[in-house]
Amino acid sequence: MTDANKQAALDYHAKPIPGKLSVELTKPTATARDLALAYSPGVAEPVREIAREAENAYRYTGKGNLVAVISDGSAILGLGNLGPLASKPVMEGKGVLFKCFAGINSVDIEVDAESPQAFIDTVARIADTWGGINLEDIKAPECFEIEKALIERCRIPVFHDDQHGTAIVTAAGMLNALDIAGKAIGDVKIVCMGAGAAAIACMRLLVSCGASKDNLIMLDRRGVIHNEREGINEYKAEFARDTAMRTLDDAIDGADVFIGLSGPGLLSAEQVKKMAADPVIFACTNPDPEIHPTVAREARPDVIMATGRSDFPNQVNNVLGFPFIFRGALDVRATRINETMKLAAVHALKDLAREPVPQEVLDAYERTDMQFGRDYIIPTPVDVRLLARVSSAVAQAAVDSGVARKPYPAHYPLGTINDVYGE
Ligand SMILES: NC(=O)C1=CN([C@@H]2O[C@H](COP(=O)(O)OP(=O)(O)OC[C@H]3O[C@@H](n4cnc5c(N)ncnc54)[C@H](OP(=O)(O)O)[C@@H]3O)[C@@H](O)[C@H]2O)C=CC1
Ligand SMILES: CC(=O)C(=O)O
Ligand SMILES: [Mg+2]
């Protein structure tokens with residue numbers, strides 16, 4: 001970013017009031033009668049109803065449309081472990097996206113936890129008053145243990161966005177990119193830079209979508225994850241290969257796909273030149289990708305290039321997933337977000353990219369043309385059709401797979417966020 005843009009970003013967060021979120025009232029509060037209903041004595045009535053029957057919390061409070069965005073700040077974007085307080089702008093940002101794209105209320109909670117168990121206990125103790133929990137920017141490998149324990153302990157959906165949101169969007173974009181490149185997912189040689197939360201989940205989902213583990217090389221800070229390496233955790237071990245390759249230079253030679261979920265500037269133009277024809281590069285590290293799109297394009301005009309950012313074409317970013325996935329899950333009161341729901345979201349996203357782009361999206365991106373192809377492999381976040389397509393697909397999948405506690409909503413498909421409460 002230029003210095004001017006950096007200052008603009010600071011000003012955006014600081015002015016006219018600090019932060020990006022505020023709380024709004026949904027009921028009148030002007031009169032003594034209003035207050036007698038909202039607070040004492042009236043508030044005692046819903047309290048009694050909820051104490052009598054817990055499900056009444058969905059009727060008398062905001063629980064059913066409320067997601068907690070919870071982080072320990074241990075992996076803030078690609079900036080590393082900068083702690084809970086520094087993660088707050090990102091967590092507020094996730095709240096903004098929940099609200100503006102899916103009409104979901106959210107509150108960010110940044111936990112200063114001395115251990116994964118302390119984090120788990122903290123979240124488990126507050127979980128029941130939320131509709132869902134979005135875990136964010138928690139580093140691997142702790143994130144895996146944390147999410148698993150919370151899914152077991154909570155009766156509401158718990159979803160680590162950096163794992164599953166990222167994986168869903170990456171898989172959708174990848175299926176489209178490979179189609180454009182004329183390659184079958186089962187045949188392509190994939191290099192994944194990074195072996196953390198996002199990388200492990202992305203590779204697992206790509207394998208579910210047909211990629212072959214035998215064609216997949218994963219790297220971390222120490223290089224290629226191979227069978228002879230000692231001290232790799234069980235998650236990295238899932239992707240360890242019996243190979244003589246040791247470095248990115250070795251792995252990238254002839255690769256069809258590079259997926260970066262690691263750190264900035266780790267892929268060079270020279271390495272891109274060594275990739276196979278029509279290479280697919282998803283340099284998804286935020287805010288600064290593994291390679292700048294201009295550099296990649298100069299090295300290889302045939303590249304299909306995506307980043308995690310809003311200011312380049314093909315934004316492969318979990319913003320395309322978590323708002324709509326939670327929308328669908330909340331609206332059928334799903335107890336969890338399972339693999340069937342994730343795959344439904346992949347296909348909804350993938351298929352939407354193949355449809356004509358609405359004028360409002362062109363206007364928002366100041367483009368005269370956007371159509372399925374190298375520079376448009378995935379919908380943009382401002383596309384209002386995501387709300388209908390992804391949420392509906394996820395809700396239907398929850399019903400079909402038996403995790404929904406309510407039927408498919410009568411008010412679906414949603415046209416805009418104004419429709420989320422139905423009639
Ligand atoms: N576009 C999107 O939607 C998303 C993008 N991301 C991006 O993915 C990245 C990783 O996030 P996340 O998985 O949550 O974080 P984690 O901390 O869980 O994982 C980071 C991984 O990156 C590896 N890594 C970091 N620096 C290097 C390096 N110099 N060389 C090789 N490997 C390196 C780490 O290696 P080691 O294991 O050796 O420490 C680790 O495996 C971030 O940059 C984040 O912005 C994440 C989620 C969504
Ligand atoms: C997008 C996101 O969640 C990340 O970079 O961590
Ligand atoms: Mg994140």
Side-chain angles (χ1 to χ4, degrees), residues 69-82 87 89-98 108 116 134-147 159-174 191-205 217-225 229 231-240 246-249 251-252 258-268 271 281-291 306-310 312 314-323 349 378 381:
V69 176
I70 311 186
S71 183
D72 63 358
S74 59
I76 308 175
L77 310 175
L79 305 173
N81 186 350
L82 301 181
S87 77
V90 177
M91 303 313 132
E92 280 193 351
K94 296 285 173 179
V96 168
L97 303 172
F98 266 121
D108 56 292
N134 183 93
L135 300 173
E136 191 67 41
D137 289 359
I138 302 170
K139 76 179 177 66
E142 293 82 356
C143 63
F144 302 117
E145 177 196 340
I146 287 170
E147 189 196 40
F159 179 86
H160 183 202
D161 173 43
D162 298 285
Q163 289 185 59
H164 315 299
T166 314
I168 287 162
V169 180
T170 300
M174 187 57 64
V191 174
C192 179
M193 191 70 175
I200 297 279
C202 284
M203 293 311 109
R204 284 176 175 167
L205 193 58
I217 294 279
M218 183 178 270
L219 299 96
D220 62 8
R221 285 174 218 267
R222 290 168 56 206
V224 168
I225 296 171
R229 242 177 79 174
I232 48 176
N233 64 44
E234 63 184 282
Y235 310 100
K236 293 181 182 181
E238 260 179 72
F239 294 96
R246 293 293 179 264
T247 64
L248 180 58
D249 262 335
I252 203 73
F258 172 92
I259 299 178
L261 293 155
S262 49
L266 296 174
L267 181 67
S268 71
Q271 288 165 333
I281 298 180
F282 285 11
C284 291
T285 279
N286 290 308
D288 299 314
E290 282 75 5
I291 187 166
T307 69
R309 295 168 49 138
S310 302
F312 299 123
N314 295 334
Q315 184 178 18
V316 169
N317 189 301
N318 50 35
V319 62
L320 290 168
F322 67 83
L349 277 170
I378 192 94

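Just follow the structure's listing: the first ligand is 1, and inside any ligand the first atom is 1.
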Inset, instruction - Number the atoms of ligand 1 from 1 as they appear, then name those within less than 4.0 Å of a heavy atom of M193, with their elements. - result: 30 (N), 31 (C)
Legend entry - Contact check: V316 vs ligand 1, nitrogen or oxygen atoms, below 3.5 angstrom: yes
Inset, instruction - Please write down residue, atom name and distance for the protein heavy atom closest to atom 3 (O) of ligand 1. - result: N318 N, 2.9 Å
Inset, instruction - Have a look at ligand 1 and work out which part of T285, if any, has a heavy atom under 4.0 Å from it: side chain, backbone, both or neither. - result: both
Legend entry - ligand 2 versus N318: contacting region, heavy-atom distance under 4.0 Å: side chain
Inset, instruction - Determine, for D220 against R229, whether the closest basic-nitrogen to carboxylate-oxygen distance falls under 4.0 angstrom. - result: yes
Inset, instruction - Output yes when the distance from some N or O of ligand 1 to some N or O of R222 is under 3.5 Å, and no in every other case. - result: no
Inset, instruction - Report the nearest protein non-hydrogen atom to atom 22 (O) of ligand 1: residue, atom name, distance rounded to 0.1 Å. - result: S262 CA, 3.4 Å
Inset, instruction - Using distance alone, determine whether A197 and ligand 1 share an N or O pair under 3.5 Å. - result: yes
Inset, instruction - Please identify which atoms of ligand 1 are closer than 4.0 Å to at least one heavy atom of G308. - result: 1 (N)
Legend entry - Polar proximity ligand 1 side, R221 side, N/O cut 3.5 Å exclusive: yes
Legend entry - Identity and separation of the nearest protein heavy atom to atom 28 (C) of ligand 1: L266 CD1, 3.5 Å
Legend entry - atom 9 (C) of ligand 1: nearest protein contact (heavy atom, Å): L261 C, 3.5 Å
Inset, instruction - For ligand 1, find out whether one of its N or O atoms is nearer than 3.5 Å to an N or O atom of A198. - result: yes
Inset, instruction - Work out which heavy atom in I225 is nearest to a heavy atom in A195; give both atom names and the distance. - result: CD1-CB, 3.6 Å
Inset, instruction - May I ask you to check if ligand 1 and A195 share an N or O to N or O distance below 3.5 Å? - result: yes
Inset, instruction - Would you mind finding which of S74, C202, A140 brings a heavy atom closest to atom 18 (O) of ligand 1? - result: A140
Inset, instruction - Say whether T166 and N318, considering side chains only, have a donor N or O and an acceptor N or O under 3.5 Å apart. - result: yes
Legend entry - Nearest neighbour of atom 40 (C) of ligand 1 from the list G196, A167, G78, on a heavy-atom basis: G196
Legend entry - Residue D137, metal the Mg ion (ligand 3), N/O/S under 2.8 Å: yes
Legend entry - K94: numbered ligand 2 atoms lying under 4.0 Å from its heavy atoms: 1 (C), 2 (C), 3 (O)
Inset, instruction - If you have a sec, work out which protein heavy atom is nearest atom 5 (C) of ligand 1 and how many Å separate them, to one decimal? - result: C284 O, 3.1 Å
Inset, instruction - Specify the protein heavy atom at minimum distance from atom 23 (C) of ligand 1: its residue, its atom name, and the distance to 0.1 Å. - result: G194 CA, 3.9 Å
Inset, instruction - Check whether any heavy atom of K236 sits under 4.0 Å from an atom of ligand 1. - result: yes
Legend entry - Proximal ligand 2 atoms for D162, defined as those under 4.0 Å from one of its heavy atoms: 2 (C), 3 (O), 4 (C), 6 (O)
Inset, instruction - May I ask you to identify, for D137, whether its side chain, its backbone, both or neither come under 4.0 Å of ligand 2 on a heavy-atom basis? - result: side chain
Legend entry - Protein contact of atom 48 (C) of ligand 1 - nearest heavy atom, named by residue and atom, plus distance: T166 OG1, 2.9 Å
Inset, instruction - Indicate yes or no: at least one non-hydrogen side-chain atom of M193 is less than 4.5 angstrom from one of T285. - result: no
Inset, instruction - Using a strict 4.0 Å cut-off to heavy atoms of N317, name the atoms of ligand 1 that fall inside it. - result: 1 (N), 2 (C), 3 (O)
Inset, instruction - Decide side-chain hydrogen bond (donor to acceptor under 3.5 Å, both in side chains) for Q315 and S310; before the verdict, give the C-alpha distance in whole Å, the side-chain angles of both, and the deciding distance to 0.1 Å. - result: CA-CA 6 Å; Q315 184 178 18; S310 302; 3.1 Å; yes
Legend entry - Close N or O approach (D161, ligand 2; < 3.5 Å): no
Inset, instruction - Mark up the atoms of ligand 2 that fall under 4.0 Å of a heavy atom belonging to N286, in ascending order. - result: 1 (C), 4 (C), 5 (O)
Inset, instruction - Check each atom of ligand 1 against the heavy atoms of A75 and keep those under 4.0 Å away; list them by number with element. - result: 15 (O), 17 (O)
Inset, instruction - Compute whether any side-chain donor of one residue and acceptor of the other, for D72 and S74, lie under 3.5 angstrom apart. - result: yes
Inset, instruction - Enumerate the atoms of ligand 2 whose separation from the nearest heavy atom of N317 is less than 4.0 angstrom. - result: 1 (C)
Legend entry - Nearest neighbour in protein (non-hydrogen) for atom 11 (O) of ligand 1: L77 O, 4.3 Å
Legend entry - Atoms in ligand 2 with a heavy atom of E136 nearer than 4.0 Å: 3 (O)
Inset, instruction - Check all N, O or S atoms of D162 and name the one closest to the Mg ion (ligand 3). - result: OD1
